[in-house]
Amino acid sequence: MTDAEMREVVQRGLWFEEFEEGVRYLHRPGRTVTEADNVLFTTLTMNPQPLHLDAAWSAGQPFGRILVNSLFTLSTLVGQSVGQLTQGTLVANLGFGAVAFPNPVFVGDTLYGESVVESKRLSSSRPGEGIVVLAHTARNQDGAVVATASRTMLVWTRDAGEHRSTGNGEVSG
């Protein structure tokens, strides 16, 4: 079989039509959090909170050790969903709501993300696009919920998304 005869499949997220309400998408593999992850994210975002950076000070606090930056946890949770749900099919994030961190994350914990489609509807003002609401949940290696968030996003419909594909079959964006 020549290259010209071979069928190609491009990795992408889901078109609007492919999102199913009530379906739980499990994002794997998990991501083990390192000390470097926490220090880098915390310093890149200019957060001087000693709970994330100062082991001696944190030892005297209620959890007795450094806590992983909660926004790193949220960012990792959303990032874990991209390859499966929105890679190349997302128009924009419209907003996040009801973000919670019910249990702490520590260096060495492994995060596992999952997303449930709560609702979807075609956009009334943007033809070829639809609004999808996801409920994201992050669990640690023991199954404890460490983060939850609602995310509203704008996603291409299949026809509009395929129409804007590049000449080599890849979806731009």
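Below, each value reflects all heavy atoms present in this structure, side chains not excepted, and no hydrogens, waters or symmetry copies.
To the nearest 0.5 angstrom, L94 atom CG is 10.0 Å from R151 atom CZ. Separation of atoms CG (L67) and CG (L53) is listed at 11.5 Å; rounding is to 0.5 Å. For the atom pair CG (L40) and OG1 (T45), the distance works out to 9.0 Å, reported to the nearest 0.5 Å. Going from atom OG1 of T89 over to atom CD of E129 covers 11.5 Å, rounded to the nearest 0.5 Å. Between F16 atom CZ and D159 atom CG the span is 12.5 Å, to the nearest 0.5 Å. To the nearest 0.5 angstrom, Q49 atom CD is 10.0 Å from S70 atom OG.
Counting all heavy atoms, side chain and backbone alike, S123 lies closest to R126 at OG-N, 3.0 Å. Residue M6 comes nearest to M1 through the heavy atom pair CA-SD, 3.7 Å, listed as atom of the first residue, atom of the second, then distance. Pairing each heavy atom of P102 with each of A147, the nearest pair is CD-N, 4.0 Å. In plain terms, the two heavy atoms of M46 and P48 that are nearest each other are O-CD, 3.2 Å.
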*Going through the checks in order, is the side-chain contact (heavy atoms from CB on, under 4.5 Å) test met by E162 and W15?*
CA-CA 9 Å; E162 287 178 345; W15 301 119; 4.0 Å; yes
*Could you walk me through whether T32 and D109 pass the side-chain contact (heavy atoms from CB on, under 4.5 Å) test, one step at a time?*
CA-CA 6 Å; T32 301; D109 282 351; over 6 Å; no
*Could you walk me through whether T152 and I131 pass the side-chain contact (heavy atoms from CB on, under 4.5 Å) test, one step at a time?*
CA-CA 7 Å; T152 303; I131 297 169; 3.7 Å; yes
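One hydrophobic cluster, built from ILVMFWY side chains closer than 4.5 Å, cannot hold both V133 and L154; they sit in different ones. At a threshold of 4.5 Å between side-chain heavy atoms, the hydrophobic network of Ile, Leu, Val, Met, Phe, Trp and Tyr places V82 and V10 in two separate groups. Two different hydrophobic clusters hold L90 and L77 under the rule that ILVMFWY side chains link at heavy-atom gaps under 4.5 Å. V68 and L51 sit in two unconnected hydrophobic clusters of ILVMFWY residues. Membership requires side-chain heavy atoms under 4.5 Å apart, directly or through other members. Transitive grouping of hydrophobic side chains (ILVMFWY, heavy atoms separated by less than 4.5 Å) keeps V78 and M153 in distinct clusters.
Q80 places a side-chain N or O within donor-acceptor distance of the main-chain N or O of G113, the cut-off being under 3.5 Å. Checking side-chain atoms of N140 against main-chain N and O of L111 turns up no donor-acceptor pair under 3.5 Å. Formation of a donor-acceptor pair under 3.5 Å by the E5 side chain with backbone atoms of T2 is found in this model. Judged purely by atom type and a 3.5 angstrom limit, D142 has no side-chain atom pairing as donor or acceptor with the backbone of A144. Remark: the backbone N or O of G97 is not paired with any side-chain donor or acceptor of S150 at under 3.5 angstrom.
Side-chain contact between V146 and T73 is present, with heavy atoms from C-beta onward closer than 4.5 Å. F19 has its side chain within reach of L85: a pair of non-hydrogen atoms, C-beta onward, lies under 4.5 Å apart. Residues T110 and Y112 meet the side-chain proximity criterion, which asks for heavy atoms closer than 4.5 Å. Side-chain contact between T148 and V99 is absent, with no heavy atoms from C-beta onward closer than 4.5 Å. Taking 4.5 Å as the limit, some side-chain heavy atom of I66 sits within range of a side-chain heavy atom of N38. Considering only heavy atoms from C-beta on, E114 comes within 4.5 Å of R139 through its side chain. Using a 4.5 Å heavy-atom threshold, the side chains of S58 and F63 count as separate. A 4.5 Å side-chain heavy-atom check between L14 and T86 finds every atom pair outside the cut-off.
Between E21 and K120 there is no salt bridge, since no side-chain nitrogen of the basic residue lies less than 4.0 Å from a carboxylate oxygen of the acidic one.
For E18, the salt bridge (Lys or Arg N to Asp or Glu O under 4.0 Å) partners are R12, R158, not counting sequence neighbours. By the salt bridge (Lys or Arg N to Asp or Glu O under 4.0 Å) test, D37 pairs with R31, sequence neighbours left out.
Looking only at atom types and distance, the side chain of H27 has no donor-acceptor partner in the side chain of S81 under 3.5 Å away. For T42 and N69, the side-chain atoms include at least one donor-acceptor pair closer than 3.5 Å.
When the shell of 6.0 Å around CZ of R24 is examined, it contains 12 or fewer heavy atoms from other residues, nucleotides or ligands.
Seen from the ring of F106, R65 counts as a face-on cation partner, given the 6.0 Å and 45° thresholds.
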